[in-house]
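Structure first, then comments.
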Amino acid sequence: MPLHIIAAFEPSDDLEMAILALERDGIQKHQIAAVPMESTAAKPSLQHSIYRGSGNGAFDAAAVIGTICSVLGASFGFDLKWGPVLWGLIGLGIGALIGYMLNKLFANRYNEATPSSSVKASVILIVRCQESESRKVSGILRQFSAISIGTLNGREA
């Protein structure tokens, strides 16, 4: 029964050598398919970072620090001239501004430390073989540094 063995590789000489080793061990060219994958690693949009609740949204730090400063302003406002409501609003504005600035500062440092060009696209290698050849094919793919390997039975294809 035919199997499909699927492996992921980074584009490299190891991929080429794996294909050559498979052909040398009796796997025909028409049984091997290499599919280059496009990298879709893109900077998330502002809407994604606000509404998806990823924990690092554009306004998370501003809201947290603004709330803390608002509570502190309202608490100390009982002893100050303008009262707790006004000092709470002043604390909210100052805290939100500080939080937003800190968020932008740390977001820029994080983006500089991890450039998006470091994400490499991969190549998916699909090999059609018989069950008796599957261990040999998997061994060759492991030998040439496949990132991951999976098997799809002929009945499921």
Side-chain angles (χ1 to χ4, degrees), residues 1-72 89 91-157:
M1 174 165 293
L3 293 174
H4 290 92
I5 297 179
I6 303 166
F9 284 88
E10 287 185 3
S12 66
D13 293 336
D14 286 337
L15 172 63
E16 300 292 332
M17 291 190 304
I19 293 172
L20 290 173
L22 289 169
E23 290 175 354
R24 185 186 66 228
D25 284 357
I27 305 296
Q28 301 295 318
K29 283 186 179 184
H30 69 273
Q31 294 174 284
I32 302 170
V35 182
M37 305 301 284
E38 290 182 20
S39 176
T40 59
K43 196 173 183 180
S45 67
L46 179 63
Q47 180 183 7
H48 174 77
S49 64
I50 292 173
Y51 294 116
R52 296 300 194 287
S54 60
N56 59 358
F59 302 107
D60 287 350
V64 169
I65 296 176
T67 302
I68 291 169
C69 290
S70 175
V71 169
L72 290 174
L89 292 174
L92 175 65
I94 292 171
L97 185 64
I98 290 171
Y100 186 75
M101 293 167 104
L102 287 174
N103 187 29
K104 288 298 175 186
L105 174 72
F106 287 119
N108 288 340
R109 285 188 181 175
Y110 176 75
N111 288 340
E112 290 173 5
T114 57
S116 61
S117 62
S118 67
V119 177
K120 292 184 180 179
S122 61
V123 176
I124 305 299
L125 189 67
I126 305 171
V127 181
R128 184 182 171 113
C129 64
Q130 297 298 320
E131 273 188 69
S132 59
E133 301 172 308
S134 66
R135 286 186 184 224
K136 177 176 66 171
V137 169
S138 293
I140 291 171
L141 297 175
R142 280 188 183 86
Q143 176 185 352
F144 290 102
S145 305
I147 297 170
S148 59
I149 300 173
T151 303
L152 181 65
N153 292 330
R155 287 172 273 167
E156 299 170 3

Does Leu3 reach the side chain of Asn153, with side-chain heavy atoms less than 4.5 Å apart? yes

To the closest 0.5 Å, what do you measure between CD1 (Ile5) and CG (Leu152)? 10.5 Å

Taking everything shown except Met101 itself, do over 12 heavy atoms lie less than 6.0 Å from its CE? no

Of all heavy-atom pairs between Ala8 and Ile124, which one has the smallest distance, and what is that distance? CB-CD1, 3.9 Å

Of all heavy-atom pairs linking Ala61 and Gly99, the shortest is CB-O, 3.6 Å

Spacing of Gln130 atom CD and Lys136 atom NZ [to the nearest 0.5 Å]: 11.0 Å

Contact check, side chains of Ile94 and Cys69, non-hydrogen atoms, under 4.5 Å: no

Rounded to the nearest 0.5 Å, what separation is found between the CG atom of Leu102 and the CG atom of Leu97? 9.5 Å

Can a donor-acceptor pair be found, under 3.5 Å and without considering hydrogens, that links the side chain of Thr67 to the backbone of Ala63? yes

Minimum heavy-atom separation for Ala34 and Val123, please, with both atom names. CB-CG1, 4.2 Å

Over all atoms of both residues, closest heavy-atom pair of Ala21 and Phe144: CB-CE1, 3.6 Å

Say you draw a straight line from SG of Cys129 to CD1 of Ile27; how long is it, rounded to the nearest 0.5 Å? 5.5 Å

Give, for atom CD1 of Ile140 and atom CG of Leu20, the distance between the pair rounded to the nearest 0.5 Å. 11.0 Å

Between Gln31 and Val127 (side chain of the first, backbone of the second, donor and acceptor by atom type, cut-off under 3.5 Å), is there such a pair? no

Here the gap from Met17 atom CE to Arg24 atom CZ, rounded to the nearest 0.5 Å, amounts to 10.5 Å

Closest heavy-atom pair, Ile65 versus Gly95, reported as atoms and distance to 0.1 Å, is CG2-O, 3.3 Å

Kindly indicate, with the supporting measurements, whether the criterion side chain to side chain contact (heavy atoms under 4.5 Å, CB included) is fulfilled by Leu22 and Leu141. CA-CA 9 Å; Leu22 289 169; Leu141 297 175; 4.1 Å; yes

